[in-house]
Amino acid sequence: MKPVLNAAVLSVPGATLRYETRGTGPVLLLIPGGAGDAGLYEGMADLLAGAGHTVVSYDQRGLSRSPLDGPLADQRVEVWAEDARAVLDAVVPDGEAAYVYGGSSGAIVALALLAAHPGRLRRVVAHEPPLVELLADPGPYRAHFAEVRELHRTQGLGPAMARFAETPDGRRPEPAAGQRRHAELPEAIRPMASRMAANMPVFLEHVLCPFSSSAPDLDGLRAAAGKLVLGVGRESDGQEALVGPARRIAEVTGAAAVVFPGGHLGCVERPEEFAEVLLTAMRP
């Protein structure tokens, strides 16, 4: 039987968050990244719930169905991490700890949440956090993202997205065998497509640069390394801004690293396989 999806809203400082839950059992919070929202995980949420979890996801503040109380400005990782904690406060029974998965910018949020509130969490899986300041030479990537933002301001969404899809030196990585192209949006997440399109300007202008250039709390992550797993996509090789930071965090903290199916959006490309690896990675 398909798990029942329940939606609710939560007031937090400066915003109202829409979140959804399904299933029963230990809480697994899925933090979306990029311009995505809770619908990003629609392809694997029922599978995770069927495996014995209360699966929770939400729309980040300022995106989709989670409006801000005031004007839009550059977003802050620590604020979004406190949003995630507030969602956990609303859904986790007293005294229990939760599992957390975050992908891309959602992985940046998951790392900040673990460093700030390790006692609230059982296990955190952070998949390809694009924390470019951790790279040996962050300059080209920092400049690339700044160029994308400037293109969006001066030439619009199309040119900005075209440049965003390239590497800093202008190459456009070809999808590996089996990877979906953007035109082949999986059916499970098609309802999110219009919301994601509306979110993209917000992401490019107010999330991409401040999040990718942020510095994680490595001391806090070292202290909680036994609860941390860094994920990299099997098909993400050569995309240094995506896999390099994950590998670096694993190296400096001693946390585990796990290879996941697909690329940066493996949870969308191969949800069944991805869910299976995620469930294994969450085991101590």
Side-chain angles (χ1 to χ4, degrees), residues 2-70 72 75-114 116-117 120-127 188-189 191-196 198-199 202-203 207 211 267-268 271 275 278 282:
K2 184 179 176 67
V4 176
L5 186 150
N6 297 296
V9 295
L10 174 67
S11 293
V12 294
T16 300
L17 304 179
R18 179 195 181 274
Y19 68 94
E20 52 190 46
T21 63
R22 71 189 86 194
T24 59
V27 168
L28 167 56
L29 177 66
L30 305 176
I31 304 179
D37 60 27
L40 187 70
Y41 298 116
E42 197 63 34
M44 68 176 188
D46 286 348
L47 300 170
L48 297 169
H53 285 279
T54 298
V55 178
V56 183
S57 193
Y58 64 106
D59 300 352
Q60 305 273 25
R61 64 169 58 214
L63 302 180
S64 295
R65 300 154 293 188
S66 291
L68 297 172
D69 294 344
L72 185 61
Q75 298 299 293
R76 296 164 53 200
V77 173
E78 60 269 28
V79 172
W80 283 30
E82 288 306 306
D83 286 348
R85 181 199 56 78
V87 173
L88 290 178
D89 285 347
V91 299
V92 178
D94 288 344
E96 290 190 15
Y99 297 93
V100 172
Y101 169 82
S104 192
S105 56
I108 296 175
V109 176
L111 292 170
L113 177 66
L114 176 61
H117 303 286
R120 301 292 308 279
L121 308 176
R122 296 189 189 191
R123 197 82 159 168
V124 170
V125 180
H127 186 266
I189 69 166
M192 185 187 67
S194 61
R195 300 193 304 268
M196 190 170 178
N199 290 340
V202 179
F203 171 73
V207 179
F211 274 53
C267 64
V268 171
L278 176 57
M282 291 192 308

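Bear in mind that the values here come from a model prediction, so they are computed numbers and not experimental data.
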Is a side-chain N or O of D59 found less than 3.5 angstrom from the main chain of R65, in a donor-acceptor match?
yes
Does the side chain of L5 reach to within under 4.5 Å of the side chain of T21, using non-hydrogen atoms?
no
Report yes or no: does D69 contribute a side-chain atom to a donor-acceptor pair with the main-chain N or O of A15 at less than 3.5 Å?
yes
Close side-chain approach of V124 to L121, heavy-atom, < 4.5 Å
yes
Checking L29 against Y101 for the side chain to side chain contact (heavy atoms under 4.5 Å, CB included) test, could you report, in this order, the C-alpha distance in whole Å, the side-chain angles of both residues, the deciding distance, and whether it holds?
CA-CA 6 Å; L29 177 66; Y101 169 82; over 6 Å; no
Do you know the tightest heavy-atom contact between G23 and P3?
N-CB, 4.1 Å
Nearest atoms (heavy-atom pairs only) where A84 meets V109
CB-CG1, 4.4 Å
Does any non-hydrogen side-chain atom of H127 lie less than 4.5 Å from one of S104?
no
Considering only heavy atoms from C-beta outward, does the side chain of N6 approach that of E20 to under 4.5 Å?
no
Side-chain heavy-atom pair L28, M282 within 4.5 angstrom cut-off:
yes
Please give me the minimum heavy-atom distance between G102 and A107, naming the atom from each residue.
O-CB, 3.3 Å
Write down the atom of P271, the atom of M44, and the distance for their closest heavy-atom approach.
O-CB, 3.6 Å
Would you please say whether a donor-acceptor pair under 3.5 Å links the side chains of Q75 and W80?
yes
Flag if over 12 foreign heavy atoms under 6.0 Å of CZ, R76
no
Any side-chain heavy atom of I189 within less than 4.5 Å of one from V268?
yes
Mark yes or no for whether T16, through its side chain, and L10, through its backbone, hold a donor-acceptor pair below 3.5 Å.
no
Could you check whether E82 pairs with R61 (Lys NZ or Arg NE/NH1/NH2 to Asp/Glu carboxylate O, under 4.0 Å)?
no
If you define the side chain from C-beta out and look only at heavy atoms, does anything of Y19 sit under 4.5 Å from V91?
yes
Atom of G36, atom of N199 and distance for their closest heavy-atom approach:
O-ND2, 4.5 Å
I'd like to check I31 versus Q60 (side-chain heavy atoms, cut-off strictly below 4.5 Å). Are they in contact?
yes
Would the distance check show the side chain of H53 and the main-chain N or O of V27 forming a donor-acceptor pair, the cut-off being under 3.5 Å?
no
Derivation and outcome, side chain to side chain contact (heavy atoms under 4.5 Å, CB included), residues V92 and T54
CA-CA 9 Å; V92 178; T54 298; over 6 Å; no
Which pair of non-hydrogen atoms, one from V55 and one from A49, has the smallest distance, and what is that distance?
CG2-N, 3.4 Å
Check the pair V125 / Y99 against side chain to side chain contact (heavy atoms under 4.5 Å, CB included), numbers first and verdict last.
CA-CA 8 Å; V125 180; Y99 297 93; over 6 Å; no
Can you tell which of S57, S66, S64 makes a side-chain hydrogen bond (donor to acceptor under 3.5 Å, both in side chains) with D37?
S64
Working to the nearest 0.5 angstrom, can you tell me the gap between R123 CZ and L114 CG?
10.5 Å
Take V202 and L63 through the side chain to side chain contact (heavy atoms under 4.5 Å, CB included) test and state the conclusion after the steps.
CA-CA 8 Å; V202 179; L63 302 180; 3.7 Å; yes
Atom CG in L278, atom OH in Y41: separation rounded to 0.5 Å?
9.5 Å
Charged N to carboxylate O below 4.0 Å: is that the case for D89 and R120?
yes
